[in-house]
Asker: 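Next up is a structure, given as structure tokens.
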Amino acid sequence: MRARVFVTLKRGALDPQGKAVCTSLHQLGYREVTDVRIGKCMEVTLGGLPRREAEQRLKAMCDKLLANPVIEDYRFEVYED
Amino acid sequence: MRARVFVTLKRGALDPQGKAVCTSLHQLGYREVTDVRIGKCMEVTLGGLPRREAEQRLKAMCDKLLANPVIEDYRFEVYED
Amino acid sequence: MSRDPEVTRDLALQHGMTTEEYDHAIEVLGRPPSYTELGIIAVMWSEHCSYKSSRIHLKTLPTEGPRLVQGPGENAGIVDVGAGIVAAFKMESHNHPSYIEPHQGAATGVGGILRDIFTMGARPIASLNSLRFGSLDHPRTRYLVGGVVTGIAGYGNSIGVPTVGGEIYFHPSYNGNILVNVMSLGIARRDKIHKGIAAGPGNPVIYVGSRTGRDGIHGASLLASSEFDAESETKRPTVQVGDPFTEKQLLEACLEAMKETGLVVGIQDMGAAGLTCSTLEMAARAGTGMEIELDRVPLREAEMTPYEIMLSESQERMLLVATPQTEARVRAIFDKWDLEASVIGRVTDTGRVLVRAGGRVVADVPAASLADDAPRYQRPSARPAWQDTVQDLQLDAVPDPADGNAALLALMTSPNLCSRQSIYQVYDHMVRSNTVVRPGSDAAVIRLKGTERALALTVDCNSRYCFLDPIEGARLAVAEAARNLACSGAVPLGVTDCLNFGNPEKPEVMWQFIQSIQGISEACRAFETPVVGGNVSFYNETEGKGINPTPTIGMVGMFEDVRSAMTQWFRREGDLVFLMGEGEPSIAASEYLAVVHGREAGRPAAVSLAREKALHDAVRAARNGGLIASAHDCSEGGLAFTLLECCITGPEGAVGAEIRIEGKGRLDALLFGEAPTRIIVSAAPEGRARLEQLALGYEVPVRLLGKVGGSRLTIAAAGGGSVDDLETAPARAAWIGALKNHLAS
Amino acid sequence: MKFGIVIFPGSNCDHDVYHVAKHVLGHEAAFLWHKDDGFAGVDCIVLPGGFAHGDYLRTGAMARFSPIMKAVEGFADRGGMVFGICNGFQILCEAGLLPGALVRNAGLQYICRDVFLRCDRQDTPYTGRIKPGTVLKIPIGHGEGCFFAPEETLKSIEEKKQVVFRYCDSGGQITTESNPNGSLRSIAAVCNERGNVMGMMPHPDRCAEEVLGNADGRRIFDSIVHSWTQARRTRL
Ligand SMILES: Nc1ncnc2c1ncn2[C@@H]1O[C@H](COP(=O)(O)OP(=O)(O)O)[C@@H](O)[C@H]1O
Ligand SMILES: [Mg+2]
């Protein structure tokens with residue numbers, strides 16, 4: 001089983017990376033781009049657990065380690081491969 | 001219109017960060033985790049363009065700037081919001 | 001735009017104001033404040049911005065000196081370092097934000113102090129930091145250390161200012177309140193200094209740098225001016241995220257603008273209390289007023305209220321006053337650096353700051369009375385009842401070991417004495433290619449390109465001393481800073497301090513604060529080092545538990561000739577080892593007592609400032625006379641540990657030494673007892689007579705301890721046989737590896 | 001001779017290189033602005049260390065699109081010396097002027113300390129005064145200096161002798177312990193096939209004067225000057 005965990009900066013928090021990338025996209029002529037926000041995407045492979053339990057444990061991993069609740073939000077999707 | 005761009009490390013490319021996260025997850029008792037790969041997820045907001053054109057231009061942005069072909073693969077999905 | 005809440009006494013209290021302060025505000029305005037005005041006044045009169053509990057005491061600090069160019073009152077103090085160059089430096093705390101989000105908190109702390117420096121027209125060339133964390137077994141400590149260190153590194157490395165020194169201590173009193181004090185120093189040509197003044201009615205007021213978001217609203221007023229409790233969570237503002245890249249652009253653009261004569265009239269960073277603080281302070285300093293159009297402020301988020309815009313603490317922003325003639329040129333420079341610059345108002349002669357938004361006046365307040373006539377409190381102070389208890393130490397109750405090896409090994413790898421290499425290695429301490437003495441010696445040394453000169457920098461504070469005896473602890477902190485500079489061969493020029501304390505509304509805390517200021521004042525007078533600026537951080541208290549009083553001292557010294565710079569480690573086989581100075585070493589208040597016997601009690605040995613100064617002069621003279629090869633401050637860990645450091649701290653590896661120490665009394669006091677006014681030097685045998693001659697001239701005792709050589713450090717006591725004997729190479733490895741092990745979860 | 005030092009937004013070793021070129025070597029030095037699309041009368045281009053565009057997204061990713069880079073590429077095509085130090089090396093890789101990529105240090109941490117380098121070839125403009133096998137002590141200061149390239153690229157780099165310096169111990173031995181960042185094959189510096197473009201992660205600009213306690217870095221700059229002098233002789 002695999003899970004894809006997305007960690008993004010909370011709305012409202014400054015995203016210097018996204019800002020810089022947006023600027024250079026403009027300089028490259030991609031004026032249609034109005035905003036860029038950059039986050040992490042983690043591909044987690046898990047040994048066989050019942051789906052529900054896997055989801056509970058993933059939530060715990062995010063709260064504990066994968067995301068920083070003070071400045072980041074997260075969501076994840078579990079899928080079989 | 002928005003696009004979500006996923007940039008992931010090529011298989012074979014080193015991912016020390018993913019390794020480190022995997023190890024700490026083990027230390028936290030999440031032994032079911034067998035692998036973690038860390039990539040970027042970019043949320044790009046674009047001003048009105050026909051979808052096909054948007055997709056072409058996004059591909060160009062990725063090839064040019066958003067991903068480095070030596071170490072990274074990318075994929076993206078365009079969606080209306 | 002959302003409607004403002006109605007201003008009531010209750011709302012004022014929620015803003016951390018007292019009833020009296022609210023009445024005073026109404027008096028100053030001649031009417032009740034509007035919502036935006038309430039926010040402005042609350043933040044200006046917050047402890048952090050107004051120094052209401054500390055001002056009257058800070059006034060007693062010595063701020064005069066032959067080399068002083070700018071004392072307290074500006075964004076940073078300035079001293080003359082010769083050759084037409086001045087050095088601007090300052091230390092600031094970012095304690096509360098760093099506890100909430102260690103990485104960003106520390107990063108934006110670095111960003112803030114750097115702006116304080118380049119706002120004076122000085123280019124930052126070195127940073128230091130003084131960090132205090134809880135005990136290693138506290139669940140949050142490792143996480144906080146990791147975050148703070150990467151935060152400092154991430155910002156400092158990126159902007160290209162070397163982090164050349166600092167200190168880190170672990171102590172349970174910081175479990176709920178870590179300390180992150182950052183110091184920075186910059187240099188400028190003497191005729192290019194700038195100040196935070198809004199002079200010249202009619203002049204344009206220009207906003208430059210990042211856009212304004214809802215970052216850290218109430219960061220200063222609520223976070224740094226009240227204790228932590230469960231509620232802090234809910235009070236928590238949007239965490240400020242540092243953007244070192246934008247700050248680097250801002251730094252270059254500002255310096256370029258300030259280099260052109262007459263372009264910039266006044267400039268100030270938007271730090272704590274952002275637009276509010278900068279507009280009011282700049283107008284107050286110039287005795288002018290300002291008219292501000294909030295509609296012209298570049299915003300990052302839609303629908304921000306005037307209240308939010310005035311109180312936002314978004315980073316990487318500056319407020320600048322130009323002239324109608326230079327406005328265009330200023331814009332051009334910021335445009336070159338891809339930064340926004342927008343004229344948001346004009347200087348007036350009304351003495352008031354008038355703020356408009358959407359065509360209506362949202363605030364109209366008198367600048368001077370809010371900035372300068374903020375409330376000042378002579379808070380009650382009282383010596384804690386427990387002070388006598390902690391000072392009382394029954395020595396005979398403490399066992400005196402027969403030999404020192406076990407204790408020396410324990411000290412060597414203890415969290416507070418082991419090597420900091422694993423930390424300072426993640427800081428770029430070499431960028432700008434000026435670093436002559438890197439982290440790892442008593443003081444860092446930075447050469448001044450284009451001259452023969454160099455500067456030495458150090459930060460010091462032993463908060464255990466300060467806890468056990470606040471006034472003596474403060475004197476000792478200044479003395480140690482000066483001693484560290486002397487060991488590097490430098491002459492001290494000035495001091496910046498960062499005074500970290502608990503809740504000033506508690507008489508015991510206020511007593512600790514007043515005692516510390518008195519101690520700093522006495523010592524700074526003795527070393528002729530004016531206090532050119534600094535910072536006060538109160539309310540370092542969680543659930544009623546306060547930190548050890550921690551008055552961190554940052555001291556800057558100078559070399560006329562960089563080649564006289566010195567390091568602490570032994571350099572040559574066969575050199576003689578001497579102890580210069582003297583002091584009655586005692587295990588009271590010592591690191592040894594804490595590490596080996598698990599006790600923190602007694603009174604730190606008192607320092608005679610006159611004898612301390614004489615010692616420093618003697619060591620400098622010996623260096624300049626080419627008589628000594630190394631000098632090391634003998635402080636925490638005592639004589640034995642200091643000797644070990646002389647053997648193992650050199651970058652090229654370990655050396656040995658054969659030592660014989662005289663002295664009566666306890667062996668552990670002899671080996672590990674602490675006392676000020678002691679420096680270990682190494683010197684070529686030929687120079688011995690001249691060294692002793694020279695010391696005599698300064699009435700400084702100098703005692704031969706032994707000789708550098710071999711691969712072991714052996715210490716023999718006059719009485720018995722060898723009391724310490726170890727291979728230095730493995731010791732060095734253990735000493736270097738210890739901190740990583742402590743921090744490995 | 002004249003050094004041209006490119007200032008990207010976020011460069012922070014530009015002044016260090018300028019100081020070495022002008023005040024240590026006593027040659028001419030000029031800053032080149034990233035927004036300019038040309039330069040003239042320059043004998044060696046240096047892309048200095050720093051954090052161009054904050055190194056946000058990827059090191060060097062945005063800098064390579066600066067207008068000046070077109071001119072730099074042209075200059076390199078004509079055989080001009082192009083020297084990338086640290087961030088400059090990262091930019092040259094992103095720009096495709098040098099093979100491979102520089103990724104996060106194996107230890108995940110930024111590292112600032114002295115390392116030892118073994119010179120692998122003398123026939124480049126950057127090592128003309130350094131015999132193969134010579135060991136230099138040069139400081140590093142980077143968080144993303146791990147040299148990476150796919151196996152086939154590595155093979156061709158080695159075959160074409162494009163590795164100029166490798167991390168080693170003080171005795172010149174290539175060991176895992178002496179590799180500070182996990183670089184494949186301990187690669188610290190590579191050049192292009194022609195040898196006129198070189199990038200290195202360590203900082204010779206930080207150790208080119210005795211007052212800083214180490215002048216090993218100067219030997220690389222002396223080599224640059226030497227090869228320029230040679231070239232001019234043959235021209236005359
Ligand atoms: N402990 C102190 N010793 C000396 N000067 C101090 C101290 N604390 C604050 N100051 C001075 O008071 C002024 C205001 O300090 P502060 O509000 O921290 O400046 P900023 O707003 O730039 O952070 C500064 O000039 C500062 O140097
Ligand atoms: Mg300031």
Side-chain angles (χ1 to χ4, degrees), chain A residues 3-47 49 53-76, chain C residues 97-105 107-108 111 139-140 142-144 146-147 150-151 154-155 158-159 209-217 232-233 236-250 298-304 308 312-317 337-340 745:
Chain A
R4 211 174 274 122
V5 182
F6 304 99
V7 180
T8 52
L9 275 167
K10 279 195 185 341
R11 286 258 152 261
L14 172 70
D15 176 9
Q17 287 211 53
K19 190 170 130 237
V21 169
C22 189
T23 316
S24 46
L25 282 174
H26 286 170
Q27 283 158 1
L28 288 175
Y30 299 101
R31 298 231 143 265
E32 68 270 30
V33 176
T34 56
D35 185 38
V36 179
R37 309 261 315 163
I38 299 185
K40 286 196 223 80
C41 164
M42 312 185 200
E43 185 96 6
V44 181
T45 316
L46 311 122
L49 278 176
E53 195 182 339
E55 288 177 346
Q56 284 162 1
R57 291 179 65 86
L58 268 161
K59 182 167 185 324
M61 295 182 210
C62 291
D63 294 330
K64 279 214 193 90
L65 182 76
L66 303 182
N68 174 356
V70 182
I71 42 174
E72 295 170 327
D73 295 325
Y74 67 85
R75 61 186 184 76
F76 58 83
Chain C
S98 301
Y99 188 80
I100 290 174
E101 210 306 286
H103 182 93
Q104 295 300 338
T108 51
R140 248 173 99 76
R142 284 181 180 80
Y143 164 72
L144 290 168
T150 56
Y155 208 102
S158 174
I159 198 167
S210 293
R211 295 175 157 247
T212 295
R214 292 193 172 86
D215 314 277
I217 291 170
S232 312
E233 295 291 318
R236 176 184 295 161
T238 319
V239 168
Q240 309 160 11
V241 174
D243 181 356
F245 171 58
T246 298
E247 175 125 324
K248 168 70 168 163
Q249 298 287 82
L250 193 58
L299 299 181
R300 198 174 77 230
E301 296 172 72
E303 326 265 279
M304 284 181 70
E308 291 172 321
S312 161
E313 294 185 0
S314 291
Q315 299 290 303
E316 292 94 24
R317 305 179 302 164
W337 293 97
D338 305 318
L339 290 168
E340 278 184 284
S745 40

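Below, chain A is the first sequence line, B the second, and so on; all start at residue 1. Predicted, not measured: the structure shown is a model, and the values here were computed from it.
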Asker: By a 4.5 Å heavy-atom criterion (distance strictly below it), what part of C:Ser314 contacts chain A: side chain, backbone, both, or neither?
Answerer: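 For C:Ser314, neither part sits under 4.5 Å from chain A.
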
Asker: Given that the side chain runs from C-beta out, which part of C:Gln104 has a heavy atom under 4.5 Å from chain A: side chain, backbone, both or neither?
Answerer: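 Just the side chain, heavy atoms under 4.5 Å.
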
Asker: Examine whether an atom of A:Lys10 lies under 4.5 Å from a heavy atom of chain C, and if so say whether it belongs to the side chain, the backbone or both; otherwise answer neither.
Answerer: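 Neither part.
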
Asker: Where do A:Asn68 and C:His103 land on the side-chain contact (heavy atoms from CB on, under 4.5 Å) test, with the steps shown first?
Answerer: CA-CA 11 Å; A:Asn68 174 356; C:His103 182 93; over 6 Å; no

Asker: Can you measure from OG1 (A:Thr23) to CG (C:Asp338) and round to the nearest 0.5 angstrom?
Answerer: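 It comes to 8.0 Å.
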
Asker: Do you know which of A:Ile71, A:Leu9, A:Asp15 has the most heavy-atom pairs under 4.5 Å to chain C?
Answerer: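 So the answer, after comparing A:Ile71, A:Leu9, A:Asp15, is A:Ile71.
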
Asker: Please confirm whether the backbone N or O of A:Gly12 pairs with a side-chain atom of C:Arg300, one donor and one acceptor, at under 3.5 Å?
Answerer: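 Side chain of C:Arg300 to backbone of A:Gly12: a pair is present.
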
Asker: What is the minimum heavy-atom distance between C:Gly242 and A:Pro16, and which atoms define it?
Answerer: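 Nearest pair, atom of C:Gly242 first, then A:Pro16: O-CG, 3.6 Å.
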
Asker: So, taking the atom named OG1 in C:Thr108 and the one named CG in A:Leu14, what distance separates them when rounded to the nearest 0.5 Å?
Answerer: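 So the OG1 of C:Thr108 and the CG of A:Leu14 are separated by 11.5 Å.
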
Asker: For C:Ile100 and A:Val70, work out which heavy atoms get closest and say how close.
Answerer: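 The answer is O-CG2, 3.8 Å.
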
